[in-house]
Amino acid sequence: MSKTLLIRNAQVLVTMDQTRREISDGAVFVRGNVIEQVGATEDLPQTADEVIDARGHVVLPGLVNTHHHMYQSLTRAIPSAQNGELFNWLQNLYPIWANLTPEMVSVSTQTAMTELLLSGCTTTSDHLYIYPNGCRLDHSIEAAQAIGMRFHAARGSMSVGESKGGLPPDRVVEEEDAILKDTQRLIESYHDPARHAMQRIVVAPCSPFSVSRDLMRESAAMARHFGVSMHTHLAESVTDIAYSREKFNMTPAQYAEDCGWVGHDVWHAHCVQLDDDGIQLFARSGTGVAHCPCSNMRLASGIAPIRKMCDAGVPVGLGVDGSASNDSGHMLGEVRQAMLLQRVGYGPDAMTARQALEIATLGGAKVLNRDDIGALAPGMSADIIMFDLHHIGFAGALHDPVAALVFCTPVNVACSIVNGRIVVRDGKCTTVESGRLIETHQRLARELLEKTRSNA
């Protein structure tokens with residue numbers, strides 16, 4: 001018989017269900033890995049195999065991160081890449097990333113996932129597109145399985161180096177036949193299409209400036225043959241736009257459509273410079289966008305027109321992006337920045353706190369092409385987070401505890417449940433020894449930079 005879990009007495013339970021109910025003194029009853037009942041505490045079962053008292057807490061669906069490069073946590077705040085726009089930033093970092101090892105990929109994945117879990121994220125994607133020195137996507141997947149996070153592992157790739165007119169150095173690109181062969185292997189080995197799946201594979205050529213048109217088209221054909229999602233970067237900056245116009249005589253959106261990269265099974269990272277025609281194309285086709293406000297500010301890429309996208313019907317989720325263009329992986333912090341940045345760009349009413357939270361839950365679920373996460377309702381996956389309202393930063397803000405989560409200083413979760421399993425309890429990750437992980441990660445970060453300097 002499946003184990004049961006009852007979360008009760010929540011000060012506010014945010015369902016994100018069809019009517020967006022917020023339930024005072026709310027409760028959730030879970031059987032196994034699936035939510036069975038949601039409602040007022042007095043209306044739900046009073047016992048379970050485990051009972052969690054959520055008094056003084058806001059309970060929400062787990063947040064969904066739709067874009068990340070977890071290996072980049074090894075290169076946070078690198079002096080050579082603290083300034084500069086996208087292309088300059090990448091050119092400073094490619095030589096460092098060329099020295100990644102399998103251990104670095106594994107440890108950085110668990111470091112990034114621990115940071116995400118503590119910040120309220122229960123489902124994440126990760127875009128690994130560089131594979132030097134025997135690195136494989138398997139190293140990320142195995143790390144995710146150990147830590148217990150719901151994971152969309154994107155098999156990224158780069159095939160067009162500098163000698164062919166691309167941005168990355170030739171030594172970090174792969175042959176296209178090898179990319180496609182390995183992508184198929186990963187799908188056949190790891191992809192789980194079932195509802196409540198913990199592991200899915202995504203086909204993910206890196207960007208228009210690092211892969212060929214042929215690889216984009218072949219990747220799309222493979223993804224649709226196997227029924228998996230597709231992900232890439234698009235229209236991130238003005239230099240990105242200029243590259244597309246020079247190389248393809250198209251806007252990025254036109255290029256995406258030409259390569260077969262639009263549809264409900266596709267989502268693009270950033271889209272800061274997506275034009276009105278591109279927004280309408282994405283809305284008509286159901287093509288998703290991963291909005292990464294902190295990264296876009298860090299690299300001065302601009303303010304993505306998210307309000308316009310949402311109004312047009314474009315599916316939009318949030319992404320923390322790599323921790324070398326954000327230097328943080330705090331998902332609730334990203335929610336706050338998403339709200340504030342839209343207001344900077346489009347006025348004080350451009351985005352509310354609840355709209356930002358909806359993008360981070362239901363929006364992310366839709367972008368990842370899932371109908372089983374993003375809301376607390378019967379039949380949904382048991383991905384549940386709890387924030388303690390007793391933090392000093394919430395003092396005076398409990399007139400509206402839900403809005404306080406976004407307007408006030410971002411805090412870490414008190415408890416996080418993924419697929420019915422408690423992975424954060426009392427503010428600490430239960431599936432990894434954080435102190436040892438941080439120590440190993442720091443050592444590897446030093447080794448990565450030292451090796452780069454010695455090879456220079």
Side-chain angles (χ1 to χ4, degrees), residues 1-66 117 120-124 148-152 192-200 264 315 317 331 335 354-355 357-387 401-402 405 413-425:
M1 183 178 292
S2 298
K3 183 179 178 181
T4 56
L5 170 68
L6 174 64
I7 301 170
R8 59 194 309 241
N9 304 320
Q11 184 157 333
V12 183
L13 189 143
V14 180
T15 66
M16 289 295 173
D17 64 9
Q18 289 186 344
T19 60
R20 306 299 189 268
R21 287 184 303 158
E22 295 179 6
I23 304 170
S24 297
D25 192 18
V28 183
F29 184 80
V30 174
R31 188 178 303 277
N33 64 338
V34 179
I35 295 171
E36 195 168 276
Q37 296 182 58
V38 176
T41 296
E42 63 181 6
D43 296 333
L44 263 64
Q46 300 301 298
T47 61
D49 293 319
E50 180 161 4
V51 178
I52 297 175
D53 187 352
R55 203 179 313 270
H57 291 70
V58 177
V59 176
L60 306 97
L63 307 180
V64 180
N65 178 35
T66 61
L117 286 167
C121 182
T122 55
T123 298
T124 188
M149 195 166 196
R150 201 178 298 277
F151 190 33
H152 285 232
D192 183 356
R195 275 190 110 240
H196 314 301
M198 288 290 288
Q199 177 64 63
R200 289 188 178 167
H264 69 89
M331 194 64 193
V335 175
R354 284 172 172 79
Q355 287 169 340
L357 283 170
E358 183 166 329
I359 288 172
T361 50
L362 288 172
K366 189 169 185 179
V367 163
L368 295 184
N369 213 16
R370 298 192 71 135
D371 64 358
D372 55 351
I373 59 174
L376 303 182
M380 300 295 281
S381 300
D383 291 3
I384 306 164
I385 57 175
M386 296 169 44
F387 288 99
V402 178
L405 290 178
V413 292
C415 179
S416 180
I417 296 158
V418 182
N419 207 43
R421 177 190 185 190
I422 298 173
V423 295
V424 177
R425 189 191 293 271

query = Where do M198 and V418 land on the side-chain contact (heavy atoms from CB on, under 4.5 Å) test, with the steps shown first?
reply = CA-CA 9 Å; M198 288 290 288; V418 182; 4.0 Å; yes

ask   = Which residues satisfy the side-chain contact (heavy atoms from CB on, under 4.5 Å) test with D25, sequence neighbours excluded?
value = N9, T41

Atom pair CZ/CG of R195 and D371 - distance to nearest 0.5 Å = 4.5 Å

ask   = So how far is it from L362 CG to R20 CZ, rounded to the nearest 0.5 Å?
value = 5.0 Å

request  = Might you point out which heavy atoms bring M16 and A375 nearest each other, and give the distance in Å?
outcome  = O-CB, 3.3 Å

message = Donor-acceptor pair, distance only, cut-off 3.5 Å: does the side chain of D383 make one with the backbone of N419?
response = yes

Smallest separation among heavy atoms of A382 and I35, with atom names = CA-CG1, 3.9 Å

message = Among I7, L5, L44, exactly one meets side-chain contact (heavy atoms from CB on, under 4.5 Å) together with F29. Which residue is that?
response = L44

inquiry  = Return the CE to CD distance between M386 and Q11, rounded to the nearest 0.5 Å.
reply    = 11.5 Å

message = Go through it in stages, so that I can follow the logic: the residues are N369 and R200, the test is side-chain contact (heavy atoms from CB on, under 4.5 Å), and I'd like the CA-CA distance, side-chain angles, deciding distance and then a yes or no.
response = CA-CA 11 Å; N369 213 16; R200 289 188 178 167; 5.9 Å; no

inquiry  = On a heavy-atom basis, which atom in T122 and which in G62 lie closest, and how many Å separate them?
reply    = OG1-CA, 3.2 Å

key: 4.5 Å side-chain heavy-atom contact, D17 and V38   = no

message = Distance check, rounded to the nearest 0.5 Å: Q199 atom CD versus H152 atom NE2?
response = 8.5 Å

task = Return the set of residues passing salt bridge (charged side-chain N to carboxylate O under 4.0 Å, His left out) with R354 (not counting sequence neighbours), or none when no residue passes.
result = E22, D400

ask   = Would a 4.5 Å heavy-atom cut-off, applied to side chains only, mark T124 and M331 as touching?
value = no

query = Does the side chain of T15 come within less than 4.5 Å of M380's, by heavy atoms?
reply = no

message = So, using side-chain contact (heavy atoms from CB on, under 4.5 Å) as the criterion, who are the partners of V367 when residues are at least two apart?
response = T66, W267, P315

query = What distance do I373 atom CD1 and S381 atom OG have between them, rounded to the nearest 0.5 Å?
reply = 7.0 Å

ask   = So do V335 and L357 actually touch side chain to side chain, heavy atoms under 4.5 Å?
value = yes

message = Under a 3.5 Å distance rule, please check whether T4 uses its side chain to pair with a backbone N or O of D49 as donor and acceptor.
response = yes

task = Could you tell me the separation between the CD1 atom of I359 and the CG atom of L63, rounded to the nearest 0.5 Å?
result = 12.5 Å

Nearest non-hydrogen partners of V423 and G148, listed with the distance = CG1-O, 4.0 Å

ask   = Do I417 and I52 pass the side-chain contact (heavy atoms from CB on, under 4.5 Å) test, and can you show the C-alpha distance, the side-chain angles, and the key distance before you say yes or no?
value = CA-CA 11 Å; I417 296 158; I52 297 175; 4.3 Å; yes

request  = Heavy atoms only: give me the nearest P401-V58 pair and the separation to one decimal.
outcome  = CB-CG2, 3.8 Å

key: side-chain contact (heavy atoms from CB on, under 4.5 Å) partner of V413, chosen from I385, I384, L60   = I385

ask   = Between R370 and R150, does a side-chain contact (heavy atoms from CB on, under 4.5 Å) hold up when you go through it step by step?
value = CA-CA 12 Å; R370 298 192 71 135; R150 201 178 298 277; 3.8 Å; yes

